[in-house]
Amino acid sequence: MFQRILVANRGEIALRIIRACREMGIETVAVFSEADRGAHYLDLADEKYCIGPAAATDSYLMIKRIISTAEIGNVQAIHPGYGFLAENAHFAEVCRDCNIEFIGPPHKAMAELGDKVSAREIAMKAKVHVVPGSDGLIADEKTALEVASRIGYPVLIKATAGGGGKGMRVAMNDMALKAGLKSASAEAEKAFSNAGVYLEKYVENPRHVEVQILADNHGQVVHLWERDCSLQRRHQKLVEESPAPNLPLSVREDICKAAVRLVKAAGYTNAGTCEFLVDADHQFYFIEVNARIQVEHPVSESVTGIDLIQQQIRVAAGEKLDFKQRSIPCNGSSIEIRINAEDPAQNFRPCPGTITKLRVPGGPGVRFDSHVHEGYTIGPWYDSMIGKLIVHRKTREESLACLRRALDEFVIEGVKTTIPLLRKIVSHSAFIEGQVDTTFVERTW
Ligand code: ADP
């Protein structure tokens with residue numbers, strides 16, 4: 001097992017990794033930008049190093065600074081968290097070339113699955129349904145129009161390198177398709193330095209269901225059941241839960257098995273997530289793989305009792321998974337909500353500022369994963385997440401009651417937050433009945 005790990009991230013996920021390591025008796029080296037200097041969570045690491053100014057491109061995304069810190073800190077492995085360098089296959093390769101284990105998948109599998117077009121090809125080979133769409137990238141306008149007339153409008157233009165909803169456009173007709181191709185491609189080039197786009201049939205009012213996977217380096221691949229992440233705003237998740245409500249066990253099992261097939265076909269190891277859309281008839285379609293730990297991993301930890309970060313570290317150290325698929329339970333119901341420093345009344349504009357008062361809920365069934373504290377300043381530099389509130393109870397009804405109670409206890413002053421909107425969401429009849437799809441938030445508010 002590793003003795004020391006560098007945590008190449010910040011905020012709540014850096015703290016989550018530091019905590020997992022501490023429980024395993026592994027020392028941690030934290031890195032921080034000048035904007036994060038003084039944040040309390042850094043004190044929980046064994047060592048910490050400043051790696052540059054606030055701008056992520058000059059600090060958290062600077063591979064050479066992270067690698068030199070890993071050498072100075074004398075670590076055997078790097079955990080990338082999510083975001084920043086987590087899905088950068090080049091970074092994973094550089095780490096391993098420097099004899100530092102990258103806690104994540106092999107860089108080749110990451111590159112193949114990180115690209116949505118090649119991930120679709122692997123899925124098709126593994127006999128996993130994909131959304132009907134173009135065969136590979138769209139070469140020109142003429143091909144796009146032909147594909148659209150074959151699959152029928154509405155269609156979705158998607159960036160092959162996409163993430164965070166960037167480079168995605170819905171088109172209802174030929175004219176919108178032509179304009180959308182240009183703007184999606186330009187946006188993708190700017191965000192990912194890759195202008196490649198492809199077409200998918202736009203699935204109307206789908207649910208988003210994803211499967212948590214764990215695979216070791218000895219050929220064992222298991223799933224940790226599914227998460228329903230249908231509650232989104234502009235294709236960004238707000239609420240996630242496990243198990244998916246109102247989805248028959250046979251469908252859930254089929255989706256999970258499809259995910260395992262796909263991951264095996266890709267030669268993927270470590271933790272990952274296969275995302276699917278599920279239509280009104282419970283037909284499911286693969287959309288993409290996230291080759292990293294995800295923000296919403298705690299709901300899977302709650303229902304299975306498996307610590308995903310610790311498992312990632314064990315797998316990277318070459319250990320075998322010490323459980324089999326049949327012994328992974330899906331106990332009770334777990335729901336996570338993301339609390340962001342944003343103003344829902346101002347179109348969710350980020351609201352940087354200092355937290356002047358903080359009262360965090362607790363009690364049975366409540367977990368709060370966050371790095372913030374009273375006096376903490378949320379800067380304009382990184383994402384606006386304050387923390388994740390996770391509940392876990394025996395039934396969904398009890399989880400909902402626990403969530404409402406916990407949200408009532410929450411006090412955050414000094415910055416605007418999404419809590420008022422989340423309170424409305426968790427009290428809405430459609431959510432209580434487990435009847436929301438990915439368009440619910442936009443349609444309702
Ligand atoms: P990104 O990587 O940019 O987050 P994803 O492929 O994960 O993009 O899709 C994000 C969200 O966009 C999905 O959860 C879903 O709400 C929506 N979406 C993606 N593909 C489709 C599709 N073919 N039809 C309808 N909605 C889609």
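If you're wondering where the values come from, they're calculated on a predicted model, not measured in any experiment. Each ligand, and each atom within it, is numbered from 1 in the order the structure gives. The first residue in the sequence is number 1, and the count goes up from there.
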Numbering the atoms of ligand 1 from 1, which are under 4.0 Å from a heavy atom of [X]?
X: Gly163; result: 1 (P), 2 (O), 3 (O)
X: Glu275; result: 7 (O)
X: Thr438; result: 16 (O)
X: Tyr202; result: 24 (N), 25 (C), 26 (N)
X: Lys201; result: 22 (C), 23 (N), 24 (N)

Look at [atom] and say which protein heavy atom is nearest, naming residue and atom and giving the distance to 0.1 Å.
atom: atom 13 (C) of ligand 1; answer: His208 ND1, 3.8 Å
atom: atom 7 (O) of ligand 1; answer: Glu288 OE2, 2.5 Å
atom: atom 18 (N) of ligand 1; answer: Leu156 CD2, 4.0 Å
atom: atom 17 (C) of ligand 1; answer: His235 ND1, 3.4 Å

Regarding [X] and [Y], is there a side-chain donor-to-acceptor distance under 3.5 Å anywhere?
X: Asp115; Y: Thr160; answer: yes
X: His223; Y: Gln325; answer: yes
X: Ser59; Y: Ser33; answer: no

Selected option - heavy-atom contact closest to [atom], from [options]:
atom: atom 22 (C) of ligand 1; options: Val209, Leu277, Val130, Val131; result: Leu277
atom: atom 25 (C) of ligand 1; options: Thr273, Val203, Asp437; result: Val203
atom: atom 3 (O) of ligand 1; options: Pro132, Gly162, Gly165; result: Gly165
atom: atom 1 (P) of ligand 1; options: Gln236, Lys158, Lys116, Met168; result: Lys116

Can you confirm if the aromatic rings of [Y] and [X] lie within a centre distance of less than 6.0 Å?
X: Phe84; Y: Phe91; value: no
X: Tyr60; Y: Tyr382; value: yes
X: Phe440; Y: His428; value: yes

Under 4.0 Å between a side-chain nitrogen and a carboxylate oxygen: does that hold for [X] and [Y]?
X: Glu146; Y: Arg150; result: no
X: Arg227; Y: Glu336; result: no
X: Glu12; Y: Arg16; result: no
X: Arg207; Y: Asp437; result: no

- Message: When you measure from the heavy atoms of Lys237 to every atom of ligand 1, does any distance fall below 4.0 Å?
- Response: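 False for this residue.
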- Considering distance alone, does some N or O of Gln232 sit under 3.5 Å from an N or O of ligand 1?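 N/O-N/O distance below 3.5 Å exists for this pair.
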